[in-house]
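Working notes, beginning with the structure itself.
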Amino acid sequence: QVQLVESGGGLVQAGGSLRLSCVASGRTFSSYVMGWFRRAPGKEREFVAAISWGGTTTRYADSVEGRFTISRDNAKKTVYLQMNDLKPEDTAVYYCAFEQSNIVRTIGRVYNYWGQGTQVTVSS
């Protein structure tokens, strides 16, 4: 089992920044992918960003490319999502996800474990 705990969400004005963190614990072996997804009110869950074990491969949704940056610290078993130039349409619950794999993918169903989510609200 793997447990994921997110933090860093909150209320911010449009144009502002937030940094989300997600700490993994439990049976985390090497070479796992970590990702971020989000679900806005009344919408389906959508991919935001993901990063490979070594950090050399990252993928982003078109809607956040250039504004969000995903990174990780394997010694701390933590993945980060730096979100800049936030927009009201970024308002959602953000979820951290874990996949025991070497392949960075954007499909939610391949991820094995999920965090409880952290709310991000961007006011206009």
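Two residues are said to be in side-chain contact when any heavy atoms from C-beta on lie closer than 4.5 Å; Met34 and Leu4 meet this criterion. Residues Tyr113 and Gln1 form a side-chain contact, since some pair of their non-hydrogen atoms from C-beta on lies under 4.5 Å apart. Residues Val48 and Tyr60 fail the side-chain proximity criterion, which asks for heavy atoms closer than 4.5 Å. Two residues are said to be in side-chain contact when any heavy atoms from C-beta on lie closer than 4.5 Å; Leu81 and Thr69 fail this criterion. Inter-residue side-chain proximity for Phe68 and Leu86 is flagged as met; some heavy-atom pair is nearer than 4.5 Å. Residues Met83 and Val120 form a side-chain contact, since some pair of their non-hydrogen atoms from C-beta on lies under 4.5 Å apart.
Among the candidates Asn84, Asp90, Asp85, the single residue satisfying the side-chain hydrogen bond (donor to acceptor under 3.5 Å, both in side chains) test with Arg67 is Asp90. Of the listed residues (Lys76, Arg72, Lys77), just one forms a side-chain hydrogen bond (donor to acceptor under 3.5 Å, both in side chains) with Asn74, and that residue is Arg72.
Residue pairs meeting the disulfide (SG to SG under 2.5 Å) criterion with at least one partner in residues 30-78, sequence neighbours excluded, do not occur; the list is empty. Applying the disulfide (SG to SG under 2.5 Å) rule to pairs touching residues 23-74 yields nothing, sequence neighbours excluded. Contacts classified as disulfide (SG to SG under 2.5 Å) and involving residues 13-99 (residues at least two apart or in different chains) are given here: Cys22-Cys96.
For the residue pair Ser31 and Gln100, the shortest heavy atom distance occurs at O-NE2, 3.8 Å. Contact record, Ile103 with Ser101: N-OG, 2.9 Å, taken as the closest heavy-atom pair. The two residues Pro88 and Ser124 have their closest heavy-atom pair at CG-CB, 3.8 Å. In plain terms, the two heavy atoms of Val2 and Ala24 that are nearest each other are CG1-CB, 4.5 Å. Arg109 approaches Arg45 most closely through the heavy-atom pair N-NH2, 4.1 Å.
Under the 6.0 Å distance and 45° angle rule, Arg19 counts as a cation-pi partner of Tyr80.
Interatomic distance, CZ of Arg27 versus CG of Asn112, reported as 13.0 Å (0.5 Å rounding). Summarising the geometry, atom OG belonging to Ser21 is positioned 9.5 Å from atom CD belonging to Gln82; distances are rounded to the nearest 0.5 Å. Of the inter-residue distances, the one linking Ser7 atom OG with Gln116 atom CD reads 9.0 Å to the nearest 0.5 angstrom.
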*asked:* Does Val33 form a side chain to side chain contact (heavy atoms under 4.5 Å, CB included) with Ile51? I'd like the steps, not just the answer.
replied: CA-CA 6 Å; Val33 170; Ile51 187 168; 6.0 Å; no
*With side chain to side chain donor-acceptor pair (under 3.5 Å) as the test, would you mind laying out the steps for Thr78 and Asp73 before giving the verdict?*
CA-CA 5 Å; Thr78 300; Asp73 183 334; over 6 Å; no
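No path of Ile, Leu, Val, Met, Phe, Trp and Tyr side chains, each step under 4.5 Å between heavy atoms, connects Trp36 with Val23, placing them in separate hydrophobic clusters. Val104 and Tyr95 fall within the same hydrophobic cluster, where Ile, Leu, Val, Met, Phe, Trp and Tyr residues are linked whenever their side-chain heavy atoms come under 4.5 Å apart, directly or through other members.
No hydrogens or angles considered: nothing links the side chains of Thr91 and Glu89 as a donor-acceptor pair under 3.5 Å.
Ring-centre distance between Trp53 and Tyr32: below the 6.0 Å cut-off.
Taking Phe37 as the reference, Phe47, Tyr111, Trp114 meet the ring pair (Phe, Tyr, Trp, His ring centres under 6.0 Å) condition, with sequence neighbours excluded. Glu6 is linked by a salt bridge (Lys or Arg N to Asp or Glu O under 4.0 Å) to nothing, counting only residues two or more places apart in sequence or in another chain. Applying the salt bridge (Lys or Arg N to Asp or Glu O under 4.0 Å) test to Glu46 and every residue at least two apart in sequence or in another chain returns Arg38.
Remark: side-chain polar atoms of Thr121 are not paired, donor with acceptor, to backbone N or O of Leu11 under 3.5 angstrom.
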